[in-house]
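Take a look at the structure below.
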Amino acid sequence: MTDLSPEHASTLARLLAQVAAASAAEDLRAIGREALEKGGVVADLLASIPTLPPAERKGAGQAANRIKAELEAAIDARKRELEDGALLASRKVEGFDATLRAPRVERGALHPITQVVRELEDLFTSMGFEVLDGPEIELDWYNFEALNIPRDHPARDMQDTFRCDPAGELVLRTHTSPVQVRAMEKRRPPIRAIAPGKVFRQETTDASHEHTFHQMEGLVVDEDVSVGHLIHTMKTLLRGVFGKDIEVRLRPGYFPFVEPGFELDARCPFCKSGCSVCKQSTWIELLPCGMVHENVLRAGGIDPAKYSGFAFGLGLSRLVMLRYGIDDVRHLLSGDARFLRQFHRIG
Amino acid sequence: MKISYQWLARHVDLSGLTAQDVAQDFTLSTAEVEGVERFLPHLDAVVVGRVLEREKHPDADKLSVCKVDVGLAEPQQIVCGAPNVRAGLHVAVALPGTRLPGDLHIKKSKIRGVESCGMICSERELGLGEEHDGIWELPLSTKPGAPVAQELGLVDWIIEIDNKSLTHRPDLWGHRGLAREIAAMRKRPLKPLDPSPLASGSGAATPVEIRSAGCLRYIAVPIDGVAPRRSPDWLRALLFAVGARPIDLLVDLSNFVMHDLGQPNHCFDRAKLAGRGIVVRDARADERLLTLDGIERRLSSGDMLICAGDEPVALAGVMGGEGSKVQAGTDSLLLEVACFLPAVVRRTAQRLALRTDSSTRFEKHLDPTLPAQAAAHFVRLLKEIEPAARVAGASADVGAWRDPAREVHVRPERVRRLLGVDLSDARIAEILASLDFGVSAQEGELVVSVPSRRATKDIGIEQDLVEEVGRIHRYGNIPTRPLVAPVEPPPRDEGWRRRMLVRAVQDRLARDARLLEALSYSFVSDALLEQLSLSALPHVAVVNPVAEGFSRIRRGVLGSVLEKARDNRHHAERVALFEVGKGYLPEQANARGEPREIHECAIVLALPPSKEQRSDGAAWTQVRAIVEDLLAGLGHERAVAGPAQACEPCAHPIVRAAFRSADGAHELAVAMALDPVFAQRLGFAGDLKSDVACAVVSIDALLSAASEPRGYQPLPRFPGVKVDVAVVVPDAVPAARCEELLARSGKGLVRALEVFDVYRGGVLPPQARSLAWHVELRADDKTLGEAEVQKFLERVERALGEIGCTLRRQ
Ligand SMILES: [Zn+2]
């Protein structure tokens, strides 16, 4: 940049001081006019160039241009300052406190069971499973007989069934398994389906028992479906639910509608060496499952000589409790807004 | 069920296996283990003492001061209050520092001025019995200073097995059955049981007659030469370990055989039968029997009885009678070992709420061949302990039982395919043989002989044997495999559409309208139905409710949500809830008897009461707006609101509206203010007095109604004109009728109509209100001017005038 002679430098300084002191757009325009228009300091300087010795002309021109540029910039800046001034004056705040809360936006929330059901539906539909629904009030046939649990079968005692008539022709379904046979009746293999829903057990309610809770049934029927497929699918399920690979353990479990039947335990996702959730065992009994009993396939009109299948039942209420650390199952169906509001997260 | 490790070891060699190993084996291959516990762990700290001297306590008549050799350098001085303490006895001594059951902490102390270094224990103090009259006298073979547990063979563990996981395994209700599992898993032999049959005595047989179809087999063995006495310590310890209280030898042995082989049995005092024969028959209604537990049971015709002649002496398979029980003075027995039908025993046990070890086992379809083995086992053990005992006469063995043993053909390929693991034919055969199945190969198949103990109910088909192979091979050894199937999305059927619709409803209400989603019981209380005036309607009801007055299944969802809204008002000013759920209508059941199922969504908004206390106040306005927004979001922007005819009884008689699809074919939703009478009844009263409105949206109707086509309106190219139209409308003329005429008067130019003011009173005539609309007029081809607006207003004036309305010109 051109160095200014002391004379020019003092001229520029004087002009800039005027700009800084200006208090209205009008004054700025006057300062600009005075300096730049005919008769002004800069105009005079430019006008004098032809009279100078050739060696000085270039320097004089550059000095004039510099003064002009700096002055114009200063005028612009000051002009903006003056314009903003009015707005700045409207920045009125008294005793502002960043920590002071505003009234909260009213929150809506989906029930945590709904949220978990949706996750599972999305997981399974992404693997080509259908999502089925079944009635809460169920025929004895679907709830028991077709599931290889004839009358007088001891397994009926384990179910604590709500009967809708003395004979129990109509019951509140004790599990989501009746959907298995309903699904088979209407479909031909390959069948891949899940069925979430409400189930009922006649038992006394306390912090860990409810007479009404939610389950999800799963059913796969195809040629050559094996225990290996079952284990793989359950691992996929757990990865989806807990967001990481979970070690599983299959051990014998007795349910009349599967053979072999299993209890699937998952390595406790909450601890390394035992915690209250897994009762210090590092295993959580998570879901009963097994290979569909041939009597059940037959009840659904499917030829067990050609097809095999597996089924599983996941306790949704329990899963929700595990996930959020809910200590009392009765909260789930309480409808208490203080409970429901806690599940507002959308991601 | 409690299983003793030591007891198992009577049947299979457990060397090298800890109780934890055994429990793990059961867990992974057999049944659910609930826990493993050391049996009486404090007996490790209690030592054998030999009483060297006993002297009377100088200051207390009933106390003795003993010098006891407890294996230490010096005999210890212990004060003892038991009458039977004497020199030369071997006793159990708890030295200072020992903890005993009941949180008893033994310390060195002074008793009436005499120092006492420990305590000489009774069996009760050690948790080993009820006897507390005196100290426990140990055999003289025990070594002073050694732990009592070790000296008496009481080092044991208790494995608790979940009964439910044995429901299908009648063979596992005794230690021998479980030992057989370990034998198969560990490839160790099961120790043989003496196979010799029951000896017969020379006396007369006791006649047995079965008159009930519920008794398959009845063996009666007369035994003489017995006397009630204390059982040997080993027997008492084993019974203790499994939670059975030792009583006397005969009762203990009966229990032992049940826990050993899984076969319930019963000892009658033969003298009490007074020579009468045994008759097994069905009870007569109102017959009575005093059972062993001292309770008089009123019987019903479904129960089965064991009788001496005609006198009931036992409730078959459940419990013996008090009158014929073994007691002091008994010197002859009749041993009953029988097989009863599960259904009969279960029914009685259930009806009388009398679940016993015996009934629990009979319910599982016990092996009908087992009674003969169990009877022989009992007699053999009795003679070992009581050499004078002998079978007094011929045993009776009657009944129409059949051996259920059968052959099942197994295709090894089927085993491999169902398990998904590559096991050789030989390995499959080996596993089955290890479980005591007979196995022979025949044309590529295995012919498996299923013994009677597994054949009653448990194993009947090939698939059952696949499980046997799988569980012994262990499921953890099966490689995982992904499912392989055609890549196709699930079908877009009605179920799929309903699910998507429900999701949309939930999202619109929870996310956009910011309501909370609740889920409720399907049960509704009688009280609630009463409050809602719904009691008279048919409801599906359960016959065994969890509580009185809580048996009925809801017909719709609204009641549950209203109830929850009321409860929430205790701690919230504003309550905004919804629920998507099902209702059941029994009067519309199908041919199979299934009640009609309806799907619906109920919305409830409860606000603090407004000052004006109007029924069509804020709650109503907001609910109505939510419903309209929901319907619009679901493709029913043009749904038509009209008066709601049939409605919930709790609906306000006037402030309510039904929303029908644009084609009029489906009623999609009903919105209503809660009638103040019902609000009061439901408990929205006093501090909870509220402005309540609600709505019921029919998922079923939404699913049937064709939604309006999706589309897009081009953005306007010319500006519109906003005109405010105020009209005096008689109450008899619905606002919708005015809007219809406003739209028609626009001749296509009316693009939007929005009510912005409603009022009555002032200069207005009675029974009329003033309604004011913002009307947007717009043309597609030009900017409208004042002339068009004036023409529009003139047409409006004329049209509205014809139905009795007056346009209010400014
Ligand atoms: Zn844990």
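Values below: all heavy atoms of this structure, side chains included; hydrogens, waters and symmetry mates excluded. Order of the sequence lines sets the chain letters (A, B, ...), proteins ahead of strands, with each chain counted from 1.
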> Are A/Arg182 and B/Glu594 ion-paired here, with the side-chain N under 4.0 Å from a carboxylate O?
Replying inline: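 A salt bridge is present here (some side-chain N lies under 4.0 Å from a carboxylate O).
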Answer with side chain, backbone, both or neither: which region of [X] has an atom nearer than 4.5 Å to a non-hydrogen atom of chain A?
{"X": "B/Pro545", "value": "backbone"}
{"X": "B/Ile553", "value": "side chain"}
{"X": "B/Val561", "value": "neither"}

Pick whichever of [options] has the most heavy-atom pairs under 4.5 Å with chain A.
{"options": "B/Val580, B/Asp507, B/Asp567", "result": "B/Asp507"}
{"options": "B/Glu488, B/Glu579, B/Gln463, B/Arg574", "result": "B/Gln463"}
{"options": "B/Ala31, B/Gly476, B/Pro486, B/Pro491", "result": "B/Pro491"}
{"options": "B/Ala343, B/Ser165, B/Ala576", "result": "B/Ala343"}

>> With a 4.5 Å cut-off on side-chain heavy atoms, are B/Val542 and A/Arg163 touching?
In response: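 The answer is no, as the side chains (C-beta and beyond) never meet within the 4.5 Å cut-off.
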>> Can you confirm whether A/Arg118 sits close enough to B/Gln506 that some side-chain heavy atom of one is under 4.5 Å from a side-chain heavy atom of the other?
In response: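 SC-SC contact between A/Arg118 and B/Gln506 confirmed.
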> Which residues pass the ring-ring contact (aromatic ring centres under 6.0 Å, His included) test with A/Tyr142, sequence neighbours left out?
Replying inline: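 Partners of A/Tyr142 by the ring-ring contact (aromatic ring centres under 6.0 Å, His included) criterion come out as none, since no residue qualifies.
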> Non-hydrogen atoms of chain B under 4.5 Å away: do they reach the side chain of A/Phe339, the backbone, both or neither?
Replying inline: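 Neither; nothing under 4.5 Å.
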> Quick one: what part of A/Arg151 sits under 4.5 Å from any heavy atom of chain B, side chain, backbone, both or neither?
Replying inline: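 For A/Arg151, there is no contact with chain B at all, as no heavy atom is under 4.5 Å.
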> What parts of residues 511-524 of chain B touch chain A if we use heavy atoms and a cut-off under 4.5 Å?
Replying inline: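 Expected list: B/Arg511, B/Arg514, B/Leu515, B/Leu516, B/Glu517, B/Ala518, B/Leu519, B/Ser520, B/Tyr521, B/Ser522, B/Phe523.
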>> Rounded at 0.5 Å granularity, tell me how far CG in A/Asp160 sits from CG in B/Asn544.
In response: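 Between A/Asp160 CG and B/Asn544 CG, I get 9.5 Å after rounding to 0.5 Å.
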>> Apply salt bridge (Lys or Arg N to Asp or Glu O under 4.0 Å) to residues A/Asp224 and B/Arg416 and explain how you reach the verdict.
In response: CA-CA 10 Å; A/Asp224 272 334; B/Arg416 288 187 281 268; over 6 Å; no
